[in-house]
2 protein chains.
Amino acid sequence: MESKKTTIHDIANELGVTASTVSRALQDHPRISDSTKEEVLEMAEKLDYHPNSIAAALRKGKSNIIGVIIPMADRNFFASVIRGVEEIVNKSGYRVIISQSNDSPEREKSNIKALLESQVDGILASYAKKTTDFDHYKEIARQGVPLILFDRLHESLESLEVGSVVIDDYLGAYKATEHLIEQGCRRIAHFSGPQHVSIYKERRRGYEEALNRHNIPIDERLIVESNLKLEAGRRLGEELLTWNQLPDAVFSSSDYGAVGAMEILKERGIKIPDDIAMVGFSNESFTSFVDPGLTTIDQHGEKMGHFAAQLFLDQVSEDKDARTPGKTVLNPQLIVRESSLKKKVSA
Amino acid sequence: MESKKTTIHDIANELGVTASTVSRALQDHPRISDSTKEEVLEMAEKLDYHPNSIAAALRKGKSNIIGVIIPMADRNFFASVIRGVEEIVNKSGYRVIISQSNDSPEREKSNIKALLESQVDGILASYAKKTTDFDHYKEIARQGVPLILFDRLHESLESLEVGSVVIDDYLGAYKATEHLIEQGCRRIAHFSGPQHVSIYKERRRGYEEALNRHNIPIDERLIVESNLKLEAGRRLGEELLTWNQLPDAVFSSSDYGAVGAMEILKERGIKIPDDIAMVGFSNESFTSFVDPGLTTIDQHGEKMGHFAAQLFLDQVSEDKDARTPGKTVLNPQLIVRESSLKKKVSA
DNA sequence: AATTTTCGTACAATCGTTTGTACGCGTATT
DNA sequence: AATACGCGTACAAACGATTGTACGAAAATT
């Protein structure tokens, strides 16, 4: 039944004008008379015309699509970022295509290739944890496609002309650690992540600096590194129990790690926060569900998405002045819940 | 510096052949000699050629992109579905573009429009809860684009020639309710959702049927309807407490609703599962984190994605026989955790 | 009334690939 | 030796929209 999709040529034929006139009429071009525009619109409706954006993209060399690369979509933080990005760019007529790397560098690479071949107008990315070779990102820049990095940032990319928006991980970690110190904790363990990922390095730095400022010596044995997943958290929970002396608090660079450890510790009769206070990082949605509620650091995902999107729009803007790839640093926010409250709040 | 992107014409010129030869060489066409293929490949490498899939899509009338419409990406279930879909279709050279409706019919509508204009080769969708008018879905079918519905299914779409894959919500609810009955519960409340969404209707039916089979009268006052979000769960938790007699169990059609209620009930000193047993639906990731762990129904998101993707591939397959839009129904699985265990397991 | 402007539309090239058909050449068939 | 066949490549027309330029007619200027 679908004999053929109707094109602007069909409309043109029907009306006895040319396709160029139809095209301009549809774009509300000033040089087309109002009467013609009306006729075109009517006929378009009548013939059930739908624009073919592929054809337009080819001609214009612009797809109006931007690609967003994230490790995984089911993280609250990344989902918020995407929402934020969409909110901004949709207004300017851009569509977002999301592609997940599942934290695999290979998938990340093939995703980037596909995005570039699809002629996306820009790429916003948070790279996979395991990525250590950034050539595929350099390729993006080399092809002249605007690139904005968010959340995770790597030194080897800083030299490129890329925009970036991150939170101040250092500050977040500092706030978290200081909060624990204020609660009276002195033996604070730290669950850290791969040190080539700058966010984990920064968080560790924040942790150490907070201790320094409060004249608490840094004990390397209290700092443990892992992939920070739930399972790793459980393992670390077990490990804690083998130590000569339990820490009185844990600052974990990830909520998953914190919750994993909490599960084990609770099982073993350790009271949280009384025996061990816990603080996580990211404000994942489940942190408010767990018992006790997990104190954590909110990363302002939606806001980060807004900024990243805006940086992209700036880079493709007509106004050359706005085109300096900016770096934006957001302030993280400490969300205090019960898991860290040793001093009970007087009611 | 980016003088110009290199095209197959550039390669052709350099080699003294025509673009068609280059195109065929790149596709490994049998009629092109091996020596030419080699030369082309080398030159492509040398000139840093990257195919422009927009141009190919325009010519072929096929974008190799499929659109997936989901309410929101940060639900464990939907994230799994997407992973499942990607796993299958990537093998056949398709890319997935994800678009979220945030459960808003307007966004859903505009997303569909954009997807169609982008000439996607197919659309897999789980529609927004609030959607009651399905014309935009009919439009998909009318334009001859394969449509597969997953998870949520609406009567008014059944007449269309669409494939669908759902779980047996009825059976899931039945299993959940029966499990509660086996635990000795008799006064089982049900948190239900909008009845025009078939999944909620089915779940309610499963609940009622389980009661019937066990000769427990259905008490309409125990069935409450809401949007099943966390906040609604909290509200329902409050409501429960105002009843003359507390139920001894709750079967909620959503994990969020269940957890929201649990929060309130725990606050008010109600013991779970001893006073009230709880069962949710969906196996969201947080259900294993909450205390006590929430018994729930797993919907096999990844598998659902596999099936949906396969249905799509069948519909676009050369083989006409395979082209009947199939309906697949998956069996849900009961995941038992502590929240429903009144009879303590003897250790 | 002659000339310049303005207005509305047509013409034609273009974006980068794909693909049906034609064609020349060398080898095989009889 | 004449015809037939394969093989490898060229030619040219798509796909559907956009856009710089040209051009005729009407309106405005002098």
Side-chain angles (χ1 to χ4, degrees), chain A residues 2-41 43-44 47-65 93 116-121 143-144, chain B residues 2-41 43-44 47-65 93 116-121 143-144:
Chain A
E2 285 297 323
S3 51
K4 208 72 184 178
K5 294 198 178 163
T6 98
T7 73
I8 53 173
H9 290 99
D10 301 327
I11 301 180
N13 283 338
E14 210 66 30
L15 255 37
V17 298
T18 56
S20 56
T21 301
V22 174
S23 172
R24 290 193 166 99
L26 291 173
Q27 299 173 69
D28 204 21
H29 187 106
R31 294 280 287 274
I32 301 292
S33 70
D34 289 344
S35 62
T36 306
K37 283 180 188 168
E38 244 174 78
E39 286 178 350
V40 168
L41 251 19
M43 189 54 72
L47 297 185
D48 193 28
Y49 168 75
H50 298 277
N52 180 331
S53 40
I54 295 252
L58 175 60
R59 173 62 227 248
K60 292 197 290 195
K62 189 165 180 309
S63 61
N64 274 305
I65 292 182
L116 289 175
E117 290 183 0
S118 300
Q119 316 294 117
V120 292
D121 294 336
Q143 287 198 30
Chain B
E2 285 300 322
S3 52
K4 207 73 185 178
K5 295 196 176 165
T6 97
T7 72
I8 53 173
H9 289 101
D10 301 327
I11 301 180
N13 283 336
E14 210 67 27
L15 255 38
V17 298
T18 56
S20 57
T21 301
V22 174
S23 172
R24 289 195 167 97
L26 291 173
Q27 298 171 68
D28 204 21
H29 188 108
R31 295 280 286 271
I32 301 293
S33 69
D34 288 345
S35 62
T36 305
K37 283 180 189 168
E38 243 176 78
E39 287 178 351
V40 167
L41 251 18
M43 188 55 72
L47 298 184
D48 193 28
Y49 168 75
H50 297 277
N52 180 332
S53 43
I54 294 250
L58 175 60
R59 173 62 228 246
K60 293 197 289 194
K62 188 165 180 309
S63 61
N64 273 306
I65 292 181
L116 289 176
E117 290 184 0
S118 300
Q119 315 295 117
V120 293
D121 294 337
Q143 287 198 30

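Remember, predicted model here, so these are calculated numbers, not experimental data.
Checking D:dT19, D:dT9, C:dG16 against the side-chain heavy atoms of B:A55 singles out C:dG16 as nearest. When each of D:dG8, C:dC11, D:dT18 is scored by its nearest atom to the side-chain atoms of A:T18, the top-ranked nucleotide is C:dC11. For B:S33, the side-chain atoms get nearest to D:dT9 when compared with the rest of D:dA17, D:dT9, D:dT18.
A:L15 has its side chain within reach of A:V40: a pair of non-hydrogen atoms, C-beta onward, lies under 4.5 Å apart. B:L116 places a side-chain heavy atom less than 4.5 Å from the side chain of B:Q143. Taking 4.5 Å as the limit, every side-chain heavy atom of B:E14 sits out of range of all side-chain heavy atoms of B:I11.
Nearest heavy atom pair, residue A:Q119 against residue A:S63, reads O-OG, 2.7 Å.
One can place CD1 of A:I8 at 15 Å from P of C:dT9, the figure rounded to the nearest angstrom. Taking atom CD1 of B:I11 as the reference point, atom P of C:dG16 lies 13 Å away to the nearest angstrom. Protein atom CG of B:D28 is 16 Å distant from nucleotide atom C1' of C:dT18, rounded to whole Å. We find that CD of A:Q119 is positioned 14 Å from P of C:dC15, with the value rounded to whole Å.
Side-chain contact annotation: B:S23 with B:Q27, donor-acceptor N/O pair under 3.5 Å present.
Across the interface with DNA chain D, nearest-nucleotide mapping of A:T7 and B:I32 shows B:I32 to be the residue nearer the 5′ end.
Dashed line: the shortest gap from a side-chain N or O of B:T36 to OP1 or OP2 of D:dT9 is under 4.0 Å. Between A:T21 and C:dA10 there is a side-chain polar atom (N or O) within less than 4.0 angstrom of OP1 or OP2. OP1 or OP2 of D:dT18 sits under 4.0 Å from a side-chain N or O of A:S23.
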Contact pattern, 5' to 3', of nucleotides 20-28 of chain C - B, S or - by protein heavy atom under 4.0 Å: BB-------

